[in-house]
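The shown structure was predicted, so the numbers you read here are calculated from the model rather than taken from an experiment. Below, chains carry the letters A, B, ... as their sequence lines are ordered, and counting in each starts from 1.
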Amino acid sequence: MQKLLLLGAEAIAQGAIDGGMSGVYAYPGTPSTEITEYVQHYELAKERNIHSKWSANEKTAMESGLGMSYAGKRAMVCMKHVGLNVAADAFMNSAITGTNGGLLVTVADDPSMHSSQNEQDSRYYGKFAQIPILEPSSQQEAYDMAYTGFQMSERLGVPILIRITTRLAHSRAAIERKQLLDQNEISLPSNPHQFVLLPNFARVQYKGLLNSFSGFIEDSETSPFNEYRDGSDKTLGILTCGLAYNYLMESFQDKPFNHPLLKIGQYPMPRKKVEKLLNECDEVLVLEDGYPMIEEVLKGYTAKENIKGRLDGSIPRDGELNPNIVAQALGFEEKKKETLLNDAELKEMIKARPPAMCTGCGHIDAYNALNEALSEYTVGRVFSDIGCYTLGALPPFNAINSCVDMGASITMAKGASDAGIVPAVAVIGDSTFTHSGMTGLIDVVNEKAPITILISDNFTAGMTGGQDSAALGKIEDICEGIGVDPAHIRVFVPMKKNHDEMVRIIREELSFEGVSVIIPRRQCIQTMRNVELNKRITELNLR
Amino acid sequence: MKTDIILAGVGGQGILSIAATIGMAALANNLHIKQAEVHGMSQRGGAVQSHFRLSSDPISSDLIPKGKADIILSVEPMEALRYLDFLKSDGWIVTNSTPFVNISNYPEIEIVLNKLKSRKNTIILDADSIAKELGSPRSSNIVILGAASPFIDLPFESLEAALRKIFLRKGEKIIQANIEALKAGKAFAEKR
């Protein structure tokens with residue numbers, strides 16, 4: 001079959017489609033977005049009627065995926081690492097209900113925080129939920145794992161977590177496809193109580209999960225994704241997973257590799273293979289992207305002080321791996337701080353070029369108005385959220401004082417106003433508002449908290465590349481429905497020529513001692529040529 | 001055969017189109033490739049880079065180790081310097097001379113260009129002007145690709161064919177404009 005040149009994220013989508021998936025559920029988030037987009041734009045997926053519309057947030061996505069699994073069909077849920085925090089309630093409990101149709105939860109971690117607020121390691125969630133994890137080290141493995149993952153989930157009766165990282169998600173290589181599988185027919189769970197987690201039933205289900213765990217380890221021992229390679233040089237054994245394996249091989253590009261090697265692609269860890277490595281080798285170097293999860297487990301396996309990795313300083317404790325860090329840990333390269341870029345002249349010359357809001361972006365006009373309106377108050381009262389408008393934290397705006405998690409703007413503003421910072425301001429985008437801002441607004445309304453909320457509406461999830469916003473055309477209705485006084489729901493078009501009017505409106509609402517919602521509304525300039533979106537904007541009369 | 005390329009520029013300048021063109025050409029020649037991109041936040045006017053590796057043998061790492069890149073191909077002069085420690089000592093820099101100024105403290109352009117010129121194996125070209133003269137100002141990224149093409153171990157015709165495929169839906173005029181841009185870049189490099 002012809003080879004396809006795919007991003008790691010796309011390889012997972014292709015693998016899932018070919019593996020008989022009936023639906024993908026997701027909320028956009030870098031570096032996971034391209035998985036769902038691939039399904040959305042793929043003709044075969046349309047022909048096969050595979051669900052691929054965006055969900056309002058990761059929790060609703062996780063629950064919908066579980067619903068599809070309940071009905072006997074194969075589903076995949078995708079998100080970025082911090083999205084799993086949002087979906088955690090559903091995710092943890094899906095391990096207890098188990099699956100009917102195969103269920104894959106693909107989570108893309110972002111070590112080094114290229115596009116995220118932290119670098120949490122999703123493998124801990126897999127361990128926490130006590131379900132198997134698959135971790136590909138190449139685009140081909142990403143394809144293979146998504147393809148076979150559904151069968152694995154059905155065989156073991158639990159969801160499977162697929163963990164990838166930014167570098168794999170956004171790196172392209174050729175993959176070979178397997179035979180296209182049929183989708184499952186609808187079939188209900190044989191045990192009518194399986195998905196009813198009343199304590200009585202949940203205890204039974206949980207015992208079932210615990211009893212299955214030895215089977216998961218057994219599955220790992222024989223998994224083709226866990227490979228033990230013998231080697232003659234037993235002074236050092238290497239245990240690696242994910243892209244770290246590639247960096248390792250890169251380091252031995254020009255020399256023979258003869259260390260014992262355990263490459264892990266499936267968790268829980270294959271205990272026998274790990275013990276073999278520990279028993280055989282004088283020292284073991286652990287190469288893993290993310291937190292030192294394997295290393296911690298290994299230290300529990302052995303009393304010997306011979307495990308090298310992130311915990312003993314052989315590898316930096318934070319940040320993603322790269323070929324140089326691995327070569328240094330192997331002793332092939334010096335850990336030198338001097339680089340070409342330390343040349344003083346060059347250092348002076350190369351200026352940081354941080355991301356910025358696009359020229360002509362509506363958020364800019366909204367921030368200019370907000371800053372002026374707030375100039376008569378003391379600083380430090382603007383709570384913001386996750387999206388392009390987070391860039392308002394940078395000069396020349398310096399307009400916001402927080403960015404924590406999806407939806408936190410409204411609720412943190414409420415907490416600050418409870419503490420006496422009045423007025424407190426929240427700045428949130430349209431898509432983030434329906435993701436996780438609405439529920440916070442209920443708290444605000446119920447307590448009549450004196451905060452001013454700017455919902456900067458650009459009709460899209462902009463930062464991730466212009467995906468559909470669940471909020472399109474609904475924001476005023478939602479706010480009114482939740483109980484915001486319509487007189488304090490104010491809409492304007494954020495443009496330079498409207499500056500004075502915007503400042504006046506914001507001032508009025510800041511001085512109002514109750515809940516205000518201000519909606520600066522203008523289409524994201526990156527989506528101006530999106531025909532489908534333009535049609536909907538016209539239909540909804542939003543311009 | 002093995003070529004490791006760092007593609008550099010500012011979000012929105014079209015380095016991913018360059019990568020797509022090389023990728024398609026490499027695939028047509030049955031070469032192995034790995035190409036690491038940057039998506040998301042950094043795409044918004046920030047510094048962006050892509051690691052592009054092509055080889056007749058299987059490739060391990062998705063990232064190029066420091067000191068191992070054969071070429072820095074940059075659509076912006078200051079960005080060419082940012083990744084200098086990835087380049088082999090005898091590696092080539094092929095860069096646009098037109099600065100993309102979206103920061104207030106952008107250095108004097110002459111200083112940047114002099115620094116680049118002080119290094120041997122550097123090709124600096126005004127790709128924006130060349131593209132404009134050809135009547136297709138949006139193809140300046142392809143002009144740079146053309147200028148780097150003598151250093152990339154791929155038949156020139158494969159790059160042409162790749163452009164043809166990539167711009168297929170945009171019509172013959174756009175295809176021709178890009179092929180002309182590619183040729184103009186190559187001609188500039190060969191004159192050097």
TODO: Take B/Met78 and A/Lys351 through the test side-chain contact (heavy atoms from CB on, under 4.5 Å) and record every step on the way to the result.
DONE: CA-CA 8 Å; B/Met78 181 178 80; A/Lys351 305 293 185 196; 4.2 Å; yes
Open item on the list: Let's go through B/Asp62 and A/Gln139 carefully: what are the C-alpha distance in whole Å and the side-chain angles of both, what is the deciding distance for side-chain contact (heavy atoms from CB on, under 4.5 Å) to 0.1 Å, and is it a yes or a no?
Closed with: CA-CA 10 Å; B/Asp62 297 71; A/Gln139 290 75 1; 3.2 Å; yes
Open item on the list: Between A/His170 and B/Gln35, does the side-chain contact (heavy atoms from CB on, under 4.5 Å) criterion hold? Intermediate values first, please.
Closed with: CA-CA 8 Å; A/His170 288 167; B/Gln35 183 218 333; over 6 Å; no
TODO: Starting from the C-alpha separation in whole Å, work towards a yes-or-no answer on side-chain contact (heavy atoms from CB on, under 4.5 Å) for A/Leu7 and B/Glu37.
DONE: CA-CA 9 Å; A/Leu7 293 175; B/Glu37 304 174 356; 3.7 Å; yes
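B/Lys115 touches chain A through its side chain: at least one heavy atom from C-beta onward sits under 4.5 Å away, while N, CA, C and O do not. For A/Glu348, no part lies near chain B; criterion is any non-hydrogen pair under 4.5 Å. Heavy-atom distances place both the backbone and the side chain of B/Ile111 under 4.5 Å from chain A. For A/Ile325, no part sits under 4.5 Å from any heavy atom of chain B, backbone or side chain. Using a 4.5 Å cut-off between heavy atoms, A/Ala352 contacts chain B through its backbone alone, with no side-chain atom that close. Both the backbone and the side chain of B/Phe100 come within less than 4.5 Å of a heavy atom of chain A. Contact of A/Leu243 with chain B is made through the side chain alone, with heavy-atom distances under 4.5 Å. Neither the backbone nor the side chain of B/Asp57 comes within less than 4.5 Å of any heavy atom in chain A.
Taking B/Arg82, B/Lys34, B/Met24, B/Glu108 one by one and counting their heavy-atom pairs under 4.5 Å with chain A, the maximum is reached by B/Arg82.
The distance from the CG atom of B/Leu63 to the CG atom of A/Leu321 is 10.0 Å, given to the nearest 0.5 Å. The line from CG of B/Asp85 to CG of A/Asp343 is 11.0 Å long, rounded to the nearest 0.5 Å.
Between the side chain of A/Arg172 and the backbone N or O of B/Ile33, no donor-acceptor pair lies under 3.5 Å. Judged by distance alone, the side chain of A/Asn324 and the main-chain N or O of B/Pro65 form no donor-acceptor pair under 3.5 Å. Checked by atom type and distance alone, the side chain of B/Ser60 never pairs as donor or acceptor with a backbone atom of A/Tyr247 at under 3.5 Å.
Proximity of B/Arg53 to A/Glu250: side-chain heavy atoms (C-beta onward) are separated by under 4.5 Å at one or more points.
The environment of CZ in B/Arg138 is sparse: at most 12 heavy-atom neighbours from other residues, nucleotides or ligands sit within 6.0 Å. When the shell of 6.0 Å around NZ of B/Lys68 is examined, it contains 12 or fewer heavy atoms from other residues, nucleotides or ligands. Enclosure of atom NZ in B/Lys165 is not indicated, since only 12 or fewer non-hydrogen atoms of other residues, nucleotides or ligands lie within 6.0 angstrom.
The pair B/Glu79-A/Arg353 meets the salt-bridge criterion, with a side-chain N (NZ, NE, NH1 or NH2) lying under 4.0 Å from an Asp/Glu carboxylate O.
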